[in-house]
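These notes concern the structure reproduced below.
Computation of the quantities below employed the complete heavy-atom set of this structure, encompassing side-chain atoms and omitting hydrogens, waters and symmetry-equivalent molecules. Within every chain, numbering begins at 1; the chains are lettered A, B, ... in the order of the sequence lines, protein sequences first and strands thereafter.
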Amino acid sequence: MVRQKGIISRRYRDLIAERAVLIPAILVSVILIAMVIVFLDKASPIFITQPITTLLFSSSWHPLSGQFGFFPFISGTVWVTLLAMGITIPISILSAVYLAEYAHRRVRGVAQPLIDLLAGIPSVVFGLFGILLIVPLIKEQIAPLAGVNSSGYCVLAGGLVLAIMVFPIVISISYEVIRAVPTEMREAALALGATRWETVKFVVLRKALTGIIAAIILGFSRAFGETMAVLMVVGNVPIVPQSVFDPAYPIPALIANNYGEMMSIPAYDSALMFAALILFVIVVAFNILARIVLVRVYRKGV
Amino acid sequence: MDATESVAPEIRVRDLHVILEKREILKGISVEIPKNRITAIIGPSGCGKSTLLRCINRMIDLVEGASVTGEVLIGNVDALSPGIELTELRRRVGMISQTPNPLPMSIFDNIAFGPRIHGERDSKTLDATVSRCLKTVGLWNEVHERLYDPAAKLSIGQQQRLCLARALAMEPEVLLCDEITSALDPISAKHIESELLAIKNEYTIIFVTHILRQARRIADHVIFLYLGELVESGPAAEIFSSPKDPRTKEYLEGVFG
Ligand SMILES: Nc1ncnc2c1ncn2[C@@H]1O[C@H](COP(=O)(O)OP(=O)(O)OP(=O)(O)O)[C@@H](O)[C@H]1O
Ligand SMILES: [Mg+2]
């Protein structure tokens, strides 16, 4: 009798727990849907003035005459983020591999707190660092070397600053993931006569791949929306950049620079809402894409 | 197996000392291991059996600050000489460990891993090697339809046979087996035993075990280690029937299990 009662109450508790863990998931979904609805609602006036294809693919940005072509901003966002990814991914993975597989214990002991520290620095500080060091460096050294003229406030500066900001997250997560690869697996490869690098390349990184991809997703979900530091060094000119030395105007910068100031211009308000919606869609699309990659990798049984 | 005496030794260990963290783990081991026979290393836990094995393929190098002196001659090459090519040494000396450790890749790739890193690119040769090795360990019928599935999906017993096949794929001369059946069910353990018996004419097998009955079943030659010292070694029949040293006798009688 007592035992029976015990079982029921445990089953009941299990049921409650099962429901309880659902709550956060539902909450998150509700918030996401609410955001889309609010942005759609607030942005709707802009759809009346121009068709959506024009909004997305036109490059003419003349708010005063009611022309809102978002293409410069979309391409600015994509340029800066892709450049930052291109810089961050190889460097972060190599750093994480070095720290986890090669570095002496003492090096590790110094590097780890430094990386954590880097992750905690506010983005304005990175922005200032960009203005003080990266922008002049590009203007005076790198651009002349490439044979072009640049103010230094450009896609490259934005990408570099962003990359520096994303490093710590990607490195520290990748590091943990690599450390979690069982020693036996490394020994298996070494005992088969693999060199250390072959072991890292074919076994450790393979095993750690899903985790590293997750680290990159996390890093760049932040990067897409990172506003302050990028805004400070990227130039903020609404043109479609033709090279990394051209200025750009990413979407977060557009919103941050103009919200609350340009409200006298009709439809500007809803144009900015539409910008937010685009950013939102880009981030969601990136995440979905990354998930698909993850599932693919996972299926391979790594 | 009186043939033991007549075979040329494949491995000669001379005055092998190993110091780990200031403790002398192996205290001057000298022993000869016959070619193409199964040599069992027995002895109580912590006596240095695994350490001895790890000197033979130099996995001991992974232990920071390990001091290893002496000679481990395989054929006429000293495995301990600093100039030796470790990748080639480990190709010649395969190792299978206590717990199955498949690599994070498919069954096929696990077996092809060794040949590939040692430069084999021809896919026909690799196909042939994979099927030959899987057949040798009796795994072919069980897995030939899912060669490209992740190796981690195999049962533990199958994984261990896969690890054996993986070592065989490099065409080694020596196989180091460190308690390779201890994580397996009795049936899988028997499988492994009979496979070792089937291939022993082509490989010099060194087999660490805690199970004396297992040593009796498969060993031609026995080495008894105790607290880092070699107490006795010789043909299995002799050691098991008339051990010379009282410590061997006590161990065989189960005084210190
Ligand atoms: N990495 C290491 N650092 C320091 N000491 C170690 C290390 N590895 C092993 N030892 C010590 O060396 C001794 C021998 O270890 P070894 O693993 O060779 O024993 P074993 O005979 O294989 O034991 P078992 O039968 O339990 O596997 C033990 O006392 C152990 O504590
Ligand atoms: Mg051991």
(message) Can you confirm whether A:V203 sits close enough to B:F113 that some side-chain heavy atom of one is under 4.5 Å from a side-chain heavy atom of the other?
(response) yes
(message) If I take atom OG1 from residue A:T199 and atom CD1 from residue B:I117, how far apart are they, to the nearest 0.5 angstrom?
(response) 7.0 Å
(request) Using a cut-off of 6.0 Å, state whether more than 12 heavy atoms not belonging to A:R291 lie near its atom CZ. (result) no
(message) Out of B:R92, B:K153, B:R90, return the one with the most heavy atom pairs under 4.5 angstrom to chain A.
(response) B:R90
(message) Between A:R206 (side chain only) and B:P104 (backbone N and O only), is there a donor and an acceptor less than 3.5 Å apart?
(response) yes
(request) Say whether, by atom type as modelled, one donor and one acceptor occur between the side chain of B:H118 and the main chain of A:L192 under 3.5 angstrom. (result) yes
(request) Calculate, to the nearest 0.5 Å, the distance between atoms CG and CE belonging to A:L190 and B:M95 respectively. (result) 11.5 Å
(request) Kindly give the heavy-atom pair with the smallest separation between B:T87 and A:G193, and that separation in Å. (result) CG2-O, 3.0 Å
(message) Checking A:E187 against B:R54 for the salt bridge (charged side-chain N to carboxylate O under 4.0 Å, His left out) test, could you report, in this order, the C-alpha distance in whole Å, the side-chain angles of both residues, the deciding distance, and whether it holds?
(response) CA-CA 11 Å; A:E187 293 201 351; B:R54 292 166 74 85; 3.4 Å; yes
(request) Mind checking the CD-NE2 spacing from B:E64 to A:H104? Nearest 0.5 Å is all I need. (result) 5.5 Å
(request) Could you tell me which of B:M59, B:R58, B:R91 has the largest number of non-hydrogen atom pairs under 4.5 Å with chain A? (result) B:M59
(request) Under 4.5 Å heavy-atom distance to chain B, tell me which part of A:R196 shows up: side chain, backbone, both or neither. (result) neither
